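For reference, the structure is listed below as structure tokens.
Treat the numbers as computed from the prediction; the structure is a model and nothing was measured.
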Amino acid sequence: MIHRDDVSSYNPNWDYSPQEYMAKKWSTVSQNQQVISYFLSPALNTTVSTRVKTALKDQQRQFYGSIAARMEQAGDALQVQGKRLTGTRLLWQAYAALALPLSVDHDEHLRGMLYGEDAILSGYDTLQDVEVTPVLNDVQDMYAMFGAAAAPPANNILQDLAPVVTARADKLKAVIDASLDAQAAAGGPEASAWVEPTLLRLRLGVPN
């Protein structure tokens with residue numbers, strides 16, 4: 001704590017950085033640190049601490065709720081990012097259904113990574129999520145859930161969501177690559193004649 005008497009040029013109308021003063025006087029300040037408790041009553045200290053924790057949890061829930069709400073507001077930056085994330089998921093599903101129709105029908109692991117609990121996260125619910133309605137498979141639902149939770153998580157859930165999104169996408173890519181390699185080794189594409197022209201157009205449409 002720095003008292004105004006310690007600074008000869010103190011003026012309450014000026015912006016003053018106490019950190020700069022501490023840096024210049026650190027040798028003196030570091031040797032004269034004191035821990036002072038302004039709450040002399042332990043009961044009062046406990047009461048204030050409990051109320052502060054409750055207020056902070058309420059603020060955290062409001063923050064998570066505001067994130068979920070912003071993902072529905074047209075033009076909001078979070079809504080735009082949510083649409084991109086959702087579009088990425090739909091693109092993966094469409095690509096797999098087009099190039100690997102037999103695997104999608106018969107490979108439960110691949111189906112689970114496309115439509116089930118292990119599917120990559122989208123920004124918000126889509127009509128294709130009907131198979132896993134009870135599962136939290138989109139970012140908006142997760143924020144909404146923690147916004148209503150009695151005990152919000154101790155840390156920002158974005159730190160956990162980001163690696164989950166990346167890890168699931170990498171796993172799906174590895175499964176699809178393995179299926180494409182397998183059908184290439186078998187001597188022909190898995191896609192039927194109905195979709196081969198579309199695949200050809202996609203290949204021709206890739207810029208060199």
Side-chain angles (χ1 to χ4, degrees), residues 60-61 63-149 152-153 155-184 189-192 194-208:
Q60 188 177 8
R61 284 191 292 267
F63 168 73
Y64 287 140
S66 68
I67 295 296
R70 287 180 57 187
M71 297 185 75
E72 295 182 351
Q73 298 176 6
D76 189 279
L78 292 180
Q79 191 258 357
V80 173
Q81 294 298 325
K83 290 181 66 176
R84 289 178 178 175
L85 190 60
T86 301
T88 300
R89 172 176 175 148
L90 296 177
L91 183 61
W92 276 109
Q93 293 174 340
Y95 175 81
L98 182 65
L100 303 168
L102 299 179
S103 293
V104 171
D105 284 340
H106 302 289
D107 190 336
E108 292 297 329
H109 181 54
L110 176 59
R111 283 185 58 81
M113 300 192 71
L114 286 172
Y115 308 105
E117 296 183 7
D118 295 329
I120 58 176
L121 296 175
S122 63
Y124 47 82
D125 283 328
T126 65
L127 295 179
Q128 294 193 13
D129 293 334
V130 292
E131 296 184 29
V132 286
T133 301
V135 180
L136 291 173
N137 54 6
D138 64 86
V139 176
Q140 183 183 17
D141 279 355
M142 288 190 176
Y143 273 102
M145 180 189 72
F146 287 115
N155 60 307
N156 189 346
I157 64 174
L158 183 60
Q159 300 174 1
D160 300 323
L161 283 176
V164 168
V165 171
T166 303
R168 291 188 180 186
D170 289 341
K171 290 179 181 178
L172 177 59
K173 182 178 182 301
V175 172
I176 290 178
D177 286 344
S179 296
L180 292 175
D181 291 341
Q183 66 172 294
E190 180 179 310
S192 67
W194 293 102
V195 297
E196 287 177 0
T198 302
L199 291 175
L200 177 61
R201 286 194 294 271
L202 288 175
R203 288 195 294 270
L204 295 176
V206 176
N208 296 324

Side chain to side chain donor-acceptor pair (under 3.5 Å) against K83, all qualifying residues, sequence neighbours excluded: none

Output for pair (Q183 CD, L102 CG), nearest 0.5 Å, gives 9.0 Å

Quick one: pull up OG in S66 and CD in Q73 and give me the separation to the nearest 0.5 Å. 9.0 Å

Taking Y124 as the fixed residue, which of Q79, M71, Q140 is the one that meets the side chain to side chain contact (heavy atoms under 4.5 Å, CB included) rule? Q140

Atom pair CZ/CD1 of F146 and I67 - distance to nearest 0.5 Å: 13.5 Å

Sequence neighbours excluded, the answer for side chain to side chain donor-acceptor pair (under 3.5 Å) partners of Q60 is Y64

Can a donor-acceptor pair be found, under 3.5 Å and without considering hydrogens, that links the side chain of R168 to the backbone of A119? yes

Polar side-chain atom of N156 near backbone of Q159 as donor-acceptor pair, under 3.5 Å: no

Test side-chain contact (heavy atoms from CB on, under 4.5 Å) applied to L114 and Y95, step by step: CA-CA 11 Å; L114 286 172; Y95 175 81; over 6 Å; no

How about Q81 and V139: do any of their side-chain heavy atoms sit closer than 4.5 Å? no

Worked verdict on D118 versus K171 for side-chain contact (heavy atoms from CB on, under 4.5 Å): CA-CA 9 Å; D118 295 329; K171 290 179 181 178; over 6 Å; no

Verify salt bridge (charged side-chain N to carboxylate O under 4.0 Å, His left out) between K173 and D177, making sure each step is shown before the conclusion. CA-CA 6 Å; K173 182 178 182 301; D177 286 344; 2.9 Å; yes

As an exercise, state the distance from CD1 of I157 to CE of M145, rounded to the nearest 0.5 Å. 7.0 Å

Which heavy atom of D105 sits nearest a heavy atom of R111, and at what distance? O-CD, 4.2 Å

Do you know which two heavy atoms are closest between A96 and V104, and how far apart they sit? O-CG2, 3.6 Å

Any sub-3.5 Å donor-acceptor pair from S122's side-chain atoms to D138's backbone N or O? no

Value rounded to 0.5 Å, distance of CE in M113 from CG in L172: 5.5 Å

Any L85 side-chain heavy atom under 4.5 Å of I120 side chain: no

